[in-house]
Amino acid sequence: MAEQTYSSDEIQLVVFKLGREEYGISILQVQEIKRMTDITRVPRTPDYIEGVINLRGSVLPVIDLKKRLDLPHQDDTEDTRIIIVKVEDIAVGMIVDAVSEVIAISRENIESPDTVVGGVSTKYLSGVGKQDNRLLILLNLEAIIGIGQEVKVS
Amino acid sequence: MDMNQYMGMFLEESREHLQALNRSILDLENDPGNLSVLDEIFRSAHTIKGMSATMGFNTIAELTHEMENVLDLLRKGELEAGHDIIDTIFKCVDTLEQLIESVANGEDSAADIQPLLNKLRLLSKTEEAKPSQQPVIKKEEAAGTSKLTLSEEELSLMETAKGQGLATYEVKINLREGCLLKSARAYMVMNALDELGEVIRSIPPVEDLEKENFDFSFQAVLITASEPDKVRQTILSISEIEEVTVLSLQPTETSRPETPTEQKVEAKAAAKAENEQHTPEHNSNHRPVVHNGTEKRLKGGQSVRVDIDKLDSLLNLVGELVINKTRLAQIGLTHRLTDLVETIEQMDRVTTDLQSVVMKVRMVPVGQVFNRFPRMIRDLSRELNKEVNFIMQGEETELDRTVIDEIGDPLVHLLRNAIDHGVEHPEERQAQGKDPVGEIRLIARHEGNNVIIMVEDDGKGINPDIIKKKAVEKELISQADADKMDTNEAVRLVFLPGFSTSEVVTDVSGRGVGMDVVKNKIESLGGMVDVETKINGGSRFKIRLPLTLAIIQALLIKVSKEIYAIPLGSIDSTINITTDDIKTIQNQEVILLRGQIIPIIRLANVLNIQESGQPQEELFVVIVHMGESKAGIIVDNLIGQQEIVIKTLGKLLAGIKIIAGATILGNGQVALILDIGSLM
């Protein structure tokens, strides 16, 4: 492992599932992956914010990613996970249906979101990755967490 | 050896002594004849001098040395601690502060101490002019004499010392052969000498001592009131010292450095001869036993500065420990493992203690910030020719470190305003029948999960009409707006950006940076600032700050299946009522409690909680208060009182008004803390 080198035209993705679709986010933004845990509901927040969890003494907000992306609801299963991501100093948990693997994908196999049409509003996408027969929807975490919007307001 | 390892200790101690100096000089000003205060000042100055000389910070040592001369005259009653002298001493303290801070930042100080030195010398000259009747060094025989060559400056120091009845000795120290860490020993010796008096020179120079650029012996020139034997004994009590020779130094004509080389040789030879003469008697008898020097030094380092991030992660780790302990306890219970359960009970006590210690480490008394204000008030009131009695209360009130660091500046501003705009000149006050001495109070106290800090003055107050007029003139509001405003609203205009009532721009205030900056700062800390004022009755600025990460007592309550914490400080009482007790006034639900009408808050509605089902006949009501107003919160269940840690919800959820933060319960679950103020 230690000897392994990563070429710059390749990115490593954590692949997870929402419903039947596969999504990817850069491994560099992922802090850890947690099993489903107790989530405390926070009143007067947008409905996609599921609540807050205790991550080793810190209180972190958790987003229901399917609600955020307007995907149909599905009950939690054994495979449900919370992916803790960190974007610009803000740590957030995202609930996903399952985390499958980590893959490397070369940059030339990533297409910009404008060229594809998907069920997910394009503002949350950063691209679509193709590998063999799979299509991975790459997410724009800044937009999902709402960092971009904050900046616009101020 | 690298002196850097002593740097932390040096800085910490110097800062402590500077603070002590500021405090005691203020005391001295109020009570000029107080000898014990003078002694305290003298000790602090002396310690700073000793330490800085050891560390090679000669500018600091030089300044403190001159300071000591003046202090000594005060102590002897030959000078009086008038305003002028106090001002000068304060200036010295300020300069020392500057010098020490530049040492801390690793930069060369730009501070020019020459004018101060001259001033100090001028002050102590008054004494020198008087012929001193003190006999010349008496202990010559006991000590033997040395003919070491001294510089002009050293000679003059020596002469001054002589005038004060102090003797100058050349102290020659031989370390034991094969002694390890020679420079550390040298350091300890120098320290010990500094305790006795003042080292005006070392041979080789301090730098060489530090770098171990010497064999096993070195010399120091010491000005002291102690007997040579005392000096010898003190040094011998340090370990690894082979022998100590103390020779008396005479400021003779021959020791003037006109022909340095020859005389040096001569002096050395003479010293050597003396050395041989005197060593036998005190060489073998005094073997080092106690490490006086080191023990004293170590005491200085009993507090440690810790990075706030490290404290954060320590707290988180302890929290995690508690949670895992709870899990273990559950396993023990489920599988009926008696041994495990017993062990966990032991562990429970330890983790609880550990948790409370870690939490308390983060809390700092607000006095740390307050300490610098008496000095500031004194300087300002003198500058503005006003008389002010400054009173501080509640310095022991504890606040989270992060908040402590931030509130200093806003407070400086409010206090400056209180003197500049609030308190009137003595004549003006007298004309109004007030005490010519104004009063400014700085008060801190806990109120619920907030800390309240108030700055009060008994000055002229804020006139709402003038404020309105100014605001309209500056086009901050329209005349129509102004006419509609009531008194309170008008007074709050002072918080508008760009607002200043000061006609003249002074050093103190009126530079356009005003209360809006204070307000922004406080609000950025999650606090609030408000003002109450009465014309000619004074003003009171009230800052309310949350304890961002503090431990508070809270009542845990349950609504449906959700647990919330209500800070105990906001709770008056809890009562049981029946649904019949609830009346309505204009559609607002209220209850009558001891003749008082109290509005009812249904948490389930406010927090969008789905009601659990059938309405209960008996209801639990938590009576809370915020300032004067009260409210009753209806809850499903009271869980109990508990000490909780307040955690922020983070940037993403920062905007939710009714939630003040979160806390982690023993089982690892997160519970939200209600912000009573915004509920009402």
Side-chain angles (χ1 to χ4, degrees), chain A residues 29 31-32 34-65 67-68 73 76 82-95 124 139-154, chain B residues 309 311-324 326-327 355 358-359 549 559-565 603-610 644-675 678-679:
Chain A
Q29 292 179 303
Q31 279 204 317
E32 62 180 280
K34 234 178 115 72
R35 283 180 173 274
M36 201 54 191
T37 175
D38 280 344
I39 298 178
T40 303
R41 188 187 70 93
V42 181
R44 299 197 181 182
T45 48
D47 78 320
Y48 67 85
I49 292 185
E50 193 68 16
V52 288
I53 57 163
N54 162 22
L55 183 75
R56 284 188 301 286
S58 305
V59 176
L60 289 192
V62 175
I63 289 174
D64 183 330
L65 202 50
K67 279 190 191 158
R68 181 61 164 159
H73 177 74
D76 293 347
I82 300 174
I83 303 181
I84 313 287
V85 296
K86 196 166 189 180
V87 186
E88 292 181 18
D89 258 18
I90 299 180
V92 175
M94 300 191 304
I95 302 174
Y124 297 133
L139 293 177
N140 174 358
L141 288 183
E142 282 84 352
I144 286 172
I145 293 173
I147 290 172
Q149 290 144 341
E150 267 178 15
V151 173
K152 264 177 228 157
V153 170
S154 63
Chain B
D309 290 343
L311 281 180
D312 278 348
S313 50
L314 185 58
L315 190 61
N316 285 346
L317 287 172
V318 172
E320 190 68 359
L321 190 67
V322 172
I323 291 153
N324 282 316
T326 317
R327 283 196 195 134
Q355 201 176 15
V358 173
M359 286 166 189
L549 197 130
V559 185
S560 186
K561 279 176 188 150
E562 297 181 6
I563 296 174
Y564 290 90
L603 270 190
N605 294 347
V606 181
L607 304 175
N608 306 324
I609 300 170
Q610 286 169 359
I644 58 165
V645 194
I646 304 176
K647 307 210 170 224
T648 63
L649 288 177
K651 275 188 209 163
L652 201 59
L653 300 179
I656 313 162
K657 282 274 187 275
I658 46 174
I659 303 296
T663 190
I664 294 170
L665 303 176
N667 61 1
Q669 203 188 326
V670 179
L672 301 177
I673 303 166
L674 295 177
D675 181 10
S678 60
L679 269 178

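In what follows, chains carry the letters A, B, and so on, assigned in the order in which the sequence lines appear, proteins first and then strands, with residues in each chain numbered from 1.
Distance check, rounded to the nearest 0.5 Å: CD1 of A/Ile49 to CG of B/Leu652 gives 5.0 Å. Distance NZ/B/Lys651 to CD1/A/Ile90: 5.0 Å, rounded to 0.5 Å.
Contact annotation for A/Ile53: only backbone heavy atoms (N, CA, C, O) come within less than 4.5 Å of a heavy atom of chain B. If you measure heavy-atom distances from A/Thr45 to chain B, the contacts under 4.5 Å come from the side chain alone. Interface remark: B/Leu653 contributes side-chain atoms only to the contact with chain A (heavy atom separation under 4.5 Å).
Surrounding CG of A/Asp89 are at most 12 heavy atoms belonging to other residues, nucleotides or ligands under 6.0 Å away.
Contact between A/Thr40 and B/Gln669 at its shortest, heavy atoms only, is OG1-CG, 4.4 Å. The heavy-atom pair separating A/Pro61 from B/Leu649 by the smallest distance is CD-O, 4.2 Å.
Counting heavy-atom pairs closer than 4.5 Å to chain A, the top residue among B/Ile659, B/Ile563, B/Ile658, B/Leu317 is B/Ile658.
A search for side-chain hydrogen bond (donor to acceptor under 3.5 Å, both in side chains) contacts involving A/Glu50 returns nothing, not counting sequence neighbours.
Although no hydrogens or angles enter the test, the distance criterion places no donor-acceptor pair under 3.5 Å between the side chain of A/Arg44 and the main chain of B/Asn608.
The side-chain heavy atoms of A/Asn54 and B/Leu665, taken from C-beta on, include no pair separated by under 4.5 Å.
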